[in-house]
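Written out below as structure tokens is the structure these notes cover.
Keep in mind the model is a prediction, meaning the values are calculated, not measured. Chain letters run A, B, ... following the sequence lines, proteins first and then strands; every chain starts at 1.
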Amino acid sequence: MKKIRTRFAPSPTGYLHIGGARTALFNWLFTRHEAGEFILRIEDTDQERSTEESTKAILDAMEWLGLNWDEGPYFQAERVDLHRDLVQKLIKEGKAYYCTCTPEVLEEKRKKAMAAGKKPKYDGTCREKNLGKTAGSVVRFRGAQTGATVVEDLVKGNISFNNEELDDLIIERADGYPTYNFAVVVDDALMNITHVIRGDDHVNNTPRQILLYEALGFDVPKFAHVPMILGADKARLSKRHGATSVMAYKEMGYLPEALVNYLVRLGWAHGDQEIFSLSELVEVFSLGAVGKSPAVFNPEKLLWLNAHYIRETKPEKLCEEMKNFWPAIVAGADADLTKKVIADLQTRSRTLVEMAASADFYFAENLQYEPEAAQKFLQPEAAAHLKEIAARIPAWGNFTKEGIEEFLKSYAHEKEIKLKVIAQPLRVALTGKTVSPGIDEVMVTLGKDIVIKRIHAAADWIAANN
RNA sequence: GGUCCCAUCGUCUAGUGGUUAGGACGCUGGCCUCUCACGCCGGAAACCGGGGUUCAAACCCCCGUGGGACUACCA
């Protein structure tokens with residue numbers, strides 16, 4: 001049996017977007033599952049729109065997602081000699097011909113045909129003229145005009161096209177560069193790609209490509225067209241639906257595991273399972289389980305998955321991830337402290353950005369109180385409790401989560417008050433907010449000294465403001 | 001317009017002739033509780049419509065309807 005070889009072939013005309021990432025992911029999973037080889041090829045034959053920055057951005061995003069490749073990146077534009085040779089071969093064999101119709105004339109004819117309610121396909125003006133190469137001429141493929149071409153698709157099943165629907169597509173442009181449909185066939189064939197997995201916006205191109213494979217004498221690979229990703233309005237996902245760049249999600253504080261897990265569940269399922277690690281996916285992924293219908297991108301569920309992975313990830317590892325998100329003051333903080341802060345915040349953060357935002361009070365030199373919080377809880381009746389607690393803490397030996405809980409409870413019991421009577425004022429004193437991690441966790445993380453200092457500061461504040 | 005694809009809760013989906021149509025996100029009631037989360041228990045919520053085939057159809061067939069893609073000297 002032939003070794004499985006797949007490829008991801010983005011065009012470097014922008015960042016790697018969500019849809020492309022999922023296509024890459026499906027390719028990668030299928031290949032790793034089959035122990036095949038995954039090739040990366042940059043389709044940069046559009047000289048106008050391709051940029052190096054885009055190429056780099058795509059590579060970065062692939063790496064961030066953990067989608068490594070075995071060969072490449074190859075650059076299609078560096079292979080034009082190959083393409084041109086094969087174009088010449090087709091011309092010699094009478095399977096392609098020069099065409100001198102100008103884009104303007106073609107556009108005109110298209111409009112007319114549309115207006116008359118006819119198919120806007122190339123009318124074959126130059127098909128039998130046997131023209132030679134001239135300035136501005138292009139090369140067209142002489143397509144079959146009868147019969148049918150069947151695409152045997154691994155996810156959609158057999159799709160049949162009447163060849164008369166297919167017109168003579170341009171395979172080499174006036175500038176001497178091959179067009180997509182030609183270059184992709186040549187490269188996939190020459191790179192021994194066995195399975196072409198791509199978005200289903202390509203299904204209509206596939207019969208022409210099959211004809212090209214056959215004309216060139218190449219084996220036709222297997223095809224798998226995965227459905228599109230749509231926005232909330234069911235239109236193809238685009239910028240107006242929100243962030244579509246993979247790296248934008250990194251910047252917004254998403255973990256790659258979350259994005260991968262979310263993306264794979266768009267159009268693919270394994271029973272009722274929702275959570276998958278990359279290695280687990282490699283084990284269970286199959287193209288047969290890919291659905292046929294398009295999926296709407298749902299940011300809420302992504303957020304849930306991200307929260308899940310933030311909760312599940314070890315604080316040590318999150319420390320690393322958090323480096324780009326912490327406020328500036330954290331730079332000098334010691335790793336032990338940041339680890340504790342992360343542990344406190346893990347169940348309460350849906351993104352790393354959120355986590356950083358809710359961590360600021362830990363590092364504040366002079367804690368600011370939220371006005372409503374201070375007004376409600378930093379009242380004279382709380383001051384005595386705060387002072388007494390601060391006075392007792394130094395002697396309290398067991399300064400752990402459990403120890404503090406015990407300390408607070410026994411204090412409340414002794415004073416015959418509810419725990420919450422002192423918990424909220426303490427919370428405001430220590431965090432400046434009414435919402436925070438558990439008061440015991442906060443105290444442990446902050447440490448005795450800062451706790452005492454902040455409680456005194458709150459008592460002073462009460463005295464000064466009443 | 002033509003060609004092609006698609007169709008189960010709002011969304012992602014399980015389901016391949018006989019199920020109280022299952023799970024997840026979101027929404028929602030409750031429990032837990034020092035606040036907020038987490039967690040746990042419960043609820044509302046779907047087979048696009050019409051014809052067939054069959055003892056029996058979400059599942060098979062046909063026709064509608066709706067959505068999407070393509071229709072470039074873009075990929």
Side-chain angles (χ1 to χ4, degrees), chain A residues 9-13 43-46 48-50 76 99 101-103 106-107 110 113-121 136-140 151 153 156-157 159-162 165-167 169-181 183-184 198-207 225 227-228 230 232 234-236 262 265-275 291-305 307 311 345-350 358 373 377 405 408-409 412 418-428 431 433-440:
Chain A
S11 62
T13 53
E43 310 230 313
D44 54 352
T45 50
D46 183 346
E48 300 281 308
R49 302 193 302 150
S50 298
Q76 198 159 54
C99 167
C101 297
T102 64
L106 258 18
E107 186 54 33
R110 246 195 299 278
M114 285 282 245
K118 290 194 205 144
K119 307 175 212 287
K121 56 182 265 190
S137 66
V138 300
V139 180
R140 284 183 187 272
V151 178
D153 194 281
K156 299 200 182 263
I159 308 168
S160 178
F161 294 84
N162 285 323
E165 298 294 338
L166 282 22
D167 59 357
L169 78 161
I170 292 173
I171 57 177
E172 188 177 285
R173 290 186 277 232
D175 65 5
Y177 278 85
T179 55
Y180 165 74
N181 279 299
V184 78
R198 69 217 323 189
D200 76 3
D201 47 337
H202 289 280
V203 287
N204 286 293
N205 286 323
T206 309
H225 287 100
M228 303 270 83
L230 276 23
K234 305 261 185 177
R236 189 181 179 145
Y262 179 71
R265 285 286 290 104
L266 238 36
W268 176 87
H270 184 65
D272 281 342
Q273 192 173 342
E274 294 287 349
I275 306 295
K292 299 178 179 187
S293 46
V296 174
F297 184 79
N298 182 345
E300 292 290 321
K301 189 159 182 182
L302 207 207
L303 207 48
W304 170 75
L305 273 164
R311 242 178 279 134
L345 263 17
Q346 268 182 302
T347 62
R348 292 160 244 263
S349 310
R350 295 181 303 174
S358 44
F377 295 108
E405 198 182 336
L408 258 19
K409 282 196 171 141
K418 295 258 196 197
L419 183 55
K420 56 171 64 171
V421 172
I422 49 170
Q424 282 304 76
L426 255 182
R427 188 185 316 283
V428 178
T431 72
K433 311 176 202 187
T434 55
V435 171
S436 81
I439 204 70
D440 43 9

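- Remark: side-chain polar atoms of A:Arg427 are not paired, donor with acceptor, to backbone N or O of A:Gly438 under 3.5 angstrom.
- Counting non-hydrogen atoms under 4.0 angstrom, A:Val138 reaches a base of the nucleic acid.
- Among the protein residues, A:Ser160 comes within range of the sugar-phosphate backbone only, with heavy atoms under 4.0 Å from sugar or phosphate atoms but none that close to a base.
- The partner of B:A24, taking Watson-Crick or G-U wobble pairs whose two distances both stay under 3.5 Å, is B:U11.
- Taking atom CG on A:Asp272 and atom C1' on B:U8, their separation rounds to 14 Å, with Å as the unit.
- Comparing B:U13, B:A69, B:A75 by their nearest atom to the side chain of A:Asn204 picks out B:A69.
- A:Thr347 comes within 4.0 angstrom of a nucleotide base, judged by non-hydrogen atoms across all strands.
- Ring geometry for A:Phe297 versus A:Tyr262: interplanar angle over 60°, hence perpendicular rather than tilted (30 to 60°).
- Taking CZ of A:Arg265 as the start and CD of A:Glu274 as the end, the distance is 4.5 Å to the nearest 0.5 Å.
- Nucleic acid contact for A:Glu165: sugar-phosphate only, since backbone atoms but no base atoms lie under 4.0 Å from a heavy atom of the residue.
- Residue A:His270 is out of contact with every strand shown, counting any heavy-atom pair closer than 4.0 Å.
- A donor-acceptor contact under 3.5 angstrom links the side-chain atoms of A:Asp440 to the base of B:C34.
- Among the atoms of the strands shown, base atoms are found under 4.0 Å from some heavy atom of A:Ala174.
- Side chain A:Gln273 to base B:G23: no donor-acceptor pair is found below 3.5 Å.
- Residue A:Pro437 is in base contact, counting any heavy-atom pair closer than 4.0 Å across all strands shown.
- Here A:Ser349 lies out of heavy-atom contact (under 4.0 Å) with every strand.
- Of the side-chain N and O atoms in A:Lys292, one or more sit less than 4.0 angstrom from OP1 or OP2 of B:C6.
- Atom name P, nucleotides B:A75 and B:C70: the rounded distance is 14 Å, in whole Å.
- Taking only side-chain nitrogens and oxygens, A:Ser293 never comes nearer than 4.0 Å to OP1 or OP2 of B:G67.
- Proximity of A:Arg236 to the phosphate of B:C70: a side-chain N or O atom is located under 4.0 Å from OP1 or OP2.
- A:Arg49 comes within 4.0 angstrom of a base, heavy atoms only.
- To the nearest whole angstrom, the two C1' atoms, one in B:C40 and one in B:A14, are 24 Å apart.
- Between A:Lys234 and the phosphate of B:U11, there is a side-chain N or O to OP1/OP2 separation shorter than 4.0 Å.
- Note that the OH atom of A:Tyr177 and the CG atom of A:Asp46 stand 11.0 Å from one another [nearest 0.5 Å].
- Contact annotation for A:Thr434: base contact, defined as any heavy-atom pair under 4.0 Å involving a base atom.
- At the heavy-atom level, A:Gly199 lies nowhere under 4.0 Å from the strands shown.
- Atoms NZ and NZ, from A:Lys156 and A:Lys292 in turn, are 8.0 Å apart once rounded to the nearest 0.5 Å.
- The base of B:C34 sits with one of its N or O atoms less than 3.5 Å from a complementary donor or acceptor on the side chain of A:Arg427.
- Annotation: B:G67 and B:U8 have their P atoms spaced 15 Å apart (nearest Å).
- Straight-line distance between the P atoms of B:G43 and B:C62: roughly 40 Å, to the nearest whole Å.
- Within the 4.0 Å cut-off from OP1 or OP2 of B:U13, not a single side-chain nitrogen or oxygen of A:Arg265 is found.
- Taking atom CD1 on A:Ile422 and atom P on B:C34, their separation rounds to 11 Å, with Å as the unit.
- Residue A:Arg198 qualifies as enclosed at atom CZ: its count of foreign heavy atoms under 6.0 Å is above 12.
- Looking at heavy-atom distances under 4.0 Å, A:Ile159 makes contact with sugar-phosphate atoms alone, never a base.
- Nucleotides B:C32 and B:C41 have their P atoms positioned 15 Å apart, rounded to a whole Å.
- B:G66 and B:C48 have their P atoms separated by 16 Å, given to the nearest Å.
- B:A69 and B:G10: their P atoms are spaced 23 Å apart (whole Å).
- The side chain of A:Ile439 lies closest to B:C34 when the candidates are B:C34, B:G10, B:G26.
- Atoms CG and CG, on A:Asn181 and A:Asn205 in that order, are 4.0 Å from each other to the nearest 0.5 Å.
- Nearer to the 5' terminus of RNA chain B, by closest-nucleotide assignment, is the contact made by A:Lys156 (compared with the other of A:Lys156 and A:Tyr262).
- With both ends at atom C1', the span from B:A44 to B:G26 equals 13 Å, rounded to whole Å.
- Residue A:Tyr177 is out of contact with every strand shown, counting any heavy-atom pair closer than 4.0 Å.
- Within 4.0 Å of A:Cys101, counting heavy atoms only, lies at least one base atom of the nucleic acid.
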